[in-house]
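Read through the structure below, which is laid out as structure tokens, and then see the notes.
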Amino acid sequence: MRSRLYPVFKYTVIALWACFVAGPFFWAMTTSFKNANAVQGGPTYLPWLQYEPTLTGWRNIFGGAGGVDVIHPFVNSAIVTVAASAISLALGSLAAYALSRYRFRLGFIKNSDIVFFFVSQRIMPPVVLVIPFFYLLQWGGLLDSIPGLVIVTIALLLPIAVWVMVDFFNGIPREIDEMAMLDGCGPFQTFVRAILPNSLPGLTVAAMFCAVFGWNDFFFAFRLTFTEVQTLPQAVVALNSSVPPWWTLSAAALFGVTPLILLAIWVERYLSKGNLSGAVR
């Protein structure tokens with residue numbers, strides 16, 4: 001009896017969870033094709049049957065009358081996310097490889113303490129960091145600028161890259177390093193030629209985390225930029241006025257999340273960990 005009920009219970013929970021996750025996307029998708037009358041007329045979800053779909057919301061987010069232009073914020077977010085993620089991944093991979101393969105000790109501080117120090121940077125509340133970041137960027141003349149926002153985002157993403165890559169490098173057999181050194185490679189050449197080619201899944205996961213956190217950051221962009229630079233999350237939140245245009249807000253939200261969905265679909269093929277088979281001879 002239990003063996004029969006368990007699959008039913010399992011798939012029921014999965015179906016309910018899928019509805020819970022997909023529900024907001026479905027609501028945003030239907031609302032983005034409505035106008036003011038359709039939104040104010042009550043809950044309607046079936047286009048052409050319950051309401052006449054319109055592209056008003058989508059026209060508004062691309063600079064239509066009464067809307068907001070999200071192209072420039074989109075470009076700003078893309079520049080900040082790509083630059084910060086790439087630099088964080090490069091520096092984080094080097095730091096993680098060193099922490100995985102070499103032992104560091106300063107008094108009671110060991111490798112595990114250093115890794116925890118990196119991770120602890122993400123534990124602190126953002127409000128604790130924003131004031132030092134503000135004065136640091138003000139001193140360097142980088143407030144309200146893309147380079148300043150990239151620097152701050154690197155500080156936020158670097159702990160993620162180190163944390164993910166340390167764990168992955170620990171799972172790569174040390175025999176690969178030894179074989180590379182027997183072939184005449186130094187430590188850096190071993191890292192570049194032998195370890196990185198076998199680290200694609202870990203790099204992919206770290207890049208995904210960095211891209212997601214970098215793209216979705218609102219708090220630091222809101223506090224460290226004013227008029228010259230605006231990221232996509234700021235542009236979306238700016239639409240949430242006292243009487244928000246839900247059709248435009250829904251279209252902007254869907255537009256903002258689409259790059260992450262496409263990125264996840266594209267990199268899914270690299271998440272398999274079977275690439276190490278045959279690497280050790």
Side-chain angles (χ1 to χ4, degrees), residues 72-100 102 104 106 109-170 188 191 196 199 202-237 256-257 259-260 263 267:
H72 289 92
F74 179 90
V75 173
N76 291 337
S77 288
I79 293 173
V80 172
T81 301
V82 172
S85 297
I87 296 173
S88 299
L89 200 58
L91 298 178
S93 297
L94 289 169
Y97 179 70
L99 290 170
S100 174
Y102 302 99
F104 300 92
L106 180 61
I109 300 176
K110 301 177 294 184
N111 286 34
S112 58
D113 301 312
I114 299 175
V115 174
F116 178 77
F117 170 77
F118 277 105
V119 177
S120 67
Q121 307 309 302
R122 295 296 306 182
I123 298 176
M124 287 189 294
V127 70
V128 176
L129 300 173
V130 69
I131 296 178
F133 281 152
F134 182 90
Y135 283 110
L136 180 64
L137 296 184
Q138 186 181 49
W139 174 78
L142 295 175
L143 271 178
D144 199 15
S145 68
I146 288 181
L149 204 54
V150 169
I151 293 174
V152 172
T153 308
I154 291 172
L156 302 176
L157 301 184
L158 188 59
I160 299 174
V162 173
W163 172 56
V164 173
M165 294 309 300
V166 163
D167 185 65
F168 191 84
F169 286 147
N170 287 338
F188 184 74
F191 171 72
L196 281 185
S199 305
L203 292 170
T204 303
V205 173
M208 275 293 300
F209 274 112
C210 290
V212 169
F213 279 97
W215 185 265
N216 291 332
D217 176 65
F218 168 77
F219 180 77
F220 288 102
F222 178 70
R223 291 299 181 184
L224 301 177
T225 60
F226 307 104
T227 58
E228 297 297 325
V229 177
Q230 186 183 46
T231 60
L232 190 56
Q234 291 175 276
V236 174
V237 172
V257 77
L260 297 181
L263 179 63
V267 303

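Interatomic distance, CD1 of Ile87 versus SG of Cys210, reported as 11.5 Å (0.5 Å rounding). The CG atom of Leu89 sits 11.5 Å away from atom CD1 of Ile154, with the distance rounded to the nearest 0.5 Å. Atom-to-atom distance recorded for Met165:CE and Leu99:CG is 12.0 Å, nearest 0.5 angstrom. Here CG of Leu156 is found 10.0 Å from CD of Gln121. Values are rounded to the nearest 0.5 Å. Remark: Thr204 OG1 to Leu263 CG distance equals 9.5 Å, nearest 0.5 Å. With values rounded to the nearest 0.5 angstrom, Ser145 atom OG is found 10.5 Å from Phe226 atom CZ.
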request  = Apply side-chain contact (heavy atoms from CB on, under 4.5 Å) to the pair Asp217 and Val152, showing each step before the final yes or no.
outcome  = CA-CA 11 Å; Asp217 176 65; Val152 172; over 6 Å; no
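Here the side chains of Tyr97 and Ser199 are not in contact, with every heavy-atom distance at 4.5 Å or above. Within the 4.5 Å cutoff, the side chain of Ile151 has no heavy atoms near those of the Leu136 side chain. Looking at Pro233 and Phe222, their side chains never come closer than 4.5 Å, going by heavy atoms from C-beta outward. Contact annotation: the side chain of Leu143 approaches that of Leu224 to within less than 4.5 Å [non-hydrogen atoms, C-beta and beyond]. Ile109 is not listed as a side-chain neighbour of Phe104, based on a closest heavy-atom distance of 4.5 Å or more. Counting heavy atoms from C-beta outward, Thr153 and Phe220 have side chains that stay 4.5 Å or more apart.
Considering all non-hydrogen atoms of both residues, Phe133 and Ala155 come closest at CZ-CB, 3.9 Å. Annotation for Val150 and Val80: closest pair CG2-CA, 3.9 Å, computed over non-hydrogen atoms. Leu149 and Ala221 get closest at one heavy-atom pair: CD1-CA, 3.8 Å.
The side-chain hydrogen bond (donor to acceptor under 3.5 Å, both in side chains) search around Asn170 returns Ser100, not counting sequence neighbours. With sequence neighbours excluded, the residues that form a side-chain hydrogen bond (donor to acceptor under 3.5 Å, both in side chains) with Gln234 are Thr225, Thr231.
Counting heavy-atom neighbours within 6.0 Å of Tyr135 OH, excluding the residue itself, gives a total of 12 or less. For Ile123, the CD1 atom counts as densely surrounded, since its 6.0 Å shell holds more than 12 non-hydrogen atoms of other residues, nucleotides or ligands. Within a 6.0 Å radius of CZ in Phe117, no more than 12 heavy atoms belonging to other residues, nucleotides or ligands are found.
Counting only distance, with no hydrogens or angles, the side chain of Asp113 and the backbone of Lys110 share a donor-acceptor pair below 3.5 Å. Trp215 places a side-chain N or O within 3.5 Å of a backbone atom of Gly256 that can act as its donor or acceptor partner.
Seen from the ring of Phe213, Arg122 counts as a face-on cation partner, given the 6.0 Å and 45° thresholds.
Within the structure, the side-chain hydrogen bond (donor to acceptor under 3.5 Å, both in side chains) test picks out no pair touching residues 76-90 (sequence neighbours left out).
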